[in-house]
Amino acid sequence: MTSSCLFSLNFSPIFCATKNSPFSFQSYFPSVSLQYYNKKRELKLPSVAQIPYQPINVDYLEEEFSGDGVSFEDIGASCLAKIGLENGSTATLMLPSGLITSYKAHMWHGGTVELLQTSVSEGEDGSPVIQGGVSLAFNFGSDNETSWSPSSWALHSVRGTPQDSFQVELINTDAEDMIDLRYIMSLTEDTLSSQLVVSNRKSSSIQFMGSLISNLTVSTPEATYAYGLEASNFFNRPILLSNFSIVPPELSKERQYGFGRPRDNAGLKDFFSGWGTKNKKSGEGKDGQIIENEEEMEGEETDNYKNLTEKMSRIYTSAPRDFTIIDRGRRNSVVIGRNGFDELYMFSPGSNNDSYGMYSYICVGSSAMLKPIILSPGEVWTGGQHLHNPNL
């Protein structure tokens, strides 16, 4: 099936072309969640941190895009775009937030296994809050300008076939003038890829910081290992908090850094000041300054088969482009690859939570959090993260 569609900024279709044939499969969200949505059909917004999305014309998407391997499901003012391949691998993308809520990978035993952790809860205003999965958490800006974060995406094109692969391209609808943002999700028989393409059409330089975050579901930290990070330099940093973060209750009051959240009166430089400091321990520094963090701030990974039982939040600055998360409890592994980004963010909530529960996950991100990415006028940058399934 090959299909493409252009949308204006108010989500009105401009042009579409497609070949239709029926296809459907069950939503990733458990039945209790779908029942919750059905009860809340009158709501204007399934929200994440109260982002004011515009409604999507789901009927039009179903008419023009649904076909062999592609279907859409209405959940209030948002919708789920569900992509499936003949080998059984599937992915679910939420519009207009751009959150990838599900990646079910085909396994050696013939079935599929969900690799992403996603939670659905009720917000303060009664609307559902969806967190986890694969998401973007970036702040853009330039000198003496207010930083801003992309939050709303429109479907631009869907290309591919269920026999081979699919590529879904989104365009950002709340970008600052003269900045072109595109987000591309690709599903093949053994890989889910997320790519961000940034084009600077301004006459001045722009910069951005943040992370492309994946929440990988695991059985329990005691059975989960990171393989391949030995000799990688790292900085310990507070938890990365974004619009889609799943944060265990015992960590919710700890010091955190927020990405992907608009700031009214702060430039990008002020917002992220201090992330690149190299203070090592709490106490008094050489020049008399007081260092707040009590733990070792930087170090080198000494374990090539690292058990993720302890709570950790760190940024690796020299990690290999590919490493592996192994879950012995679920008998599967995921190879994490990145391109365009120099840094790797990793967070583990540790062993203080229930096995196979909401907080049993490992957060990994292709990141630019210690050093911003700077684009000159006319420059185009591409970076992404790849979840490869080696269990076929």
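When reading the values below, keep in mind they use all heavy atoms of this one structure, side chains included, and skip hydrogens, waters and symmetry mates.
To the nearest 0.5 Å, atoms CD (E73) and CG (L80) are separated by 5.5 Å. From T112, atom OG1 reaches atom OH of Y103 across 10.5 Å, with rounding to the nearest 0.5 Å. Separating the OG atom in S214 from the CG atom in L115 is a distance of 10.5 Å, to the nearest 0.5 Å. Rounding to the nearest 0.5 Å places CD of E189 at 10.0 Å from CD of Q163. Distance NZ/K306 to OG/S232: 11.0 Å, rounded to 0.5 Å. Here the straight-line distance linking atom CG of L181 with atom CG of L196 works out to 6.0 Å at 0.5 Å rounding.
A heavy-atom distance below 4.5 Å is found between the side chains of L308 and I325. Between S97 and F244, some side-chain heavy-atom pair lies under the 4.5 Å cut-off. Considering only heavy atoms from C-beta on, L170 stays 4.5 Å or farther from M185 through its side chain. Between L229 and P320, the closest side-chain pair of non-hydrogen atoms falls below 4.5 Å. Side-chain contact check for I75 versus M94: some heavy-atom pair is nearer than 4.5 Å. Side-chain contact between F234 and M312 is absent, with no heavy-atom pair separated by less than 4.5 Å. Side-chain contact between I373 and W381 is present, with heavy atoms from C-beta onward closer than 4.5 Å. Proximity of C363 to S348: side-chain heavy atoms (C-beta onward) are nowhere separated by under 4.5 Å.
A side-chain donor from one of S102 and E114 sits under 3.5 Å from a side-chain acceptor of the other.
Ring geometry, F138 versus F208: the interplanar angle exceeds 60°, so the pair is classed perpendicular (tilted spans 30 to 60°).
Side-chain N or O atoms of N215 include none that pairs as donor or acceptor with a backbone N or O of Q117 at under 3.5 Å. A donor-acceptor contact shorter than 3.5 Å links the side chain of S318 to the backbone of N233. Of the possible donor and acceptor atoms, none in the side chain of D190 sits under 3.5 Å from a partner among the backbone N and O of A105. Between the Q131 side chain and the S245 main chain, a donor and an acceptor come within less than 3.5 Å of each other. Although no hydrogens or angles enter the test, the distance criterion places a donor-acceptor pair under 3.5 Å between the side chain of S313 and the main chain of R237. With hydrogens and angles ignored, the 3.5 Å screen pairs no side-chain donor or acceptor of N172 with any backbone N or O of P150.
Nearest heavy-atom pair across V218 and D327 is CA-OD2, 3.2 Å. The shortest heavy-atom contact between N391 and N332 is OD1-CA, 3.8 Å. Across every non-hydrogen atom of Y345 and S211, the tightest pair is CB-OG, 4.4 Å. For the pair I213 and S242, the tightest heavy-atom approach, listed with the atom from each and the gap, is CD1-OG, 4.2 Å. Contact between H106 and S89 at its shortest, heavy atoms only, is N-OG, 3.3 Å. Nearest heavy-atom pair, P377 versus S203, reported as atom, atom and distance to 0.1 Å: CG-O, 3.4 Å.
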side-chain contact (heavy atoms from CB on, under 4.5 Å) between R331 and M107, worked out | CA-CA 10 Å; R331 300 177 65 192; M107 292 291 168; over 6 Å; no

I would like to know whether L93 and I83 meet side-chain contact (heavy atoms from CB on, under 4.5 Å); could you show each step before the answer?
-> CA-CA 8 Å; L93 175 68; I83 311 298; over 6 Å; no

Please lay out, stage by stage, how L375 and I179 fare under the test side-chain contact (heavy atoms from CB on, under 4.5 Å).
-> CA-CA 11 Å; L375 297 185; I179 300 178; over 6 Å; no

Tell me, with the steps shown, if S152 and T173 meet side chain to side chain donor-acceptor pair (under 3.5 Å).
-> CA-CA 6 Å; S152 183; T173 61; 3.3 Å; yes

side-chain contact (heavy atoms from CB on, under 4.5 Å) between I336 and L216, worked out = CA-CA 10 Å; I336 315 298; L216 305 178; 3.6 Å; yes

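Cluster membership for V335 and L116, using ILVMFWY side-chain heavy atoms within less than 4.5 angstrom, is not shared. Linking ILVMFWY side-chain heavy atoms closer than 4.5 Å, directly or via other members, places I326 and Y316 in two distinct hydrophobic clusters. Under the 4.5 Å side-chain contact rule for hydrophobic residues, V134 and V113 share a cluster. Under the 4.5 Å side-chain contact rule for hydrophobic residues, Y359 and F347 share a cluster. By the rule that hydrophobic residues join a cluster once side-chain heavy atoms approach within less than 4.5 Å of another member, L344 and Y225 end up as members of separate clusters.
Residues that satisfy the side-chain contact (heavy atoms from CB on, under 4.5 Å) test with Y356, not counting sequence neighbours, are S219, R330. Taking H386 as the reference, T191, S193, Q195, N339 meet the side-chain contact (heavy atoms from CB on, under 4.5 Å) condition, with sequence neighbours excluded.
Under the 4.0 Å criterion applied to side-chain N and carboxylate O atoms, E343 and K371 are not assigned as salt-bridge partners. Classification of D342 and R321 as a salt-bridged pair holds, one side-chain N sitting under 4.0 Å from a carboxylate O.
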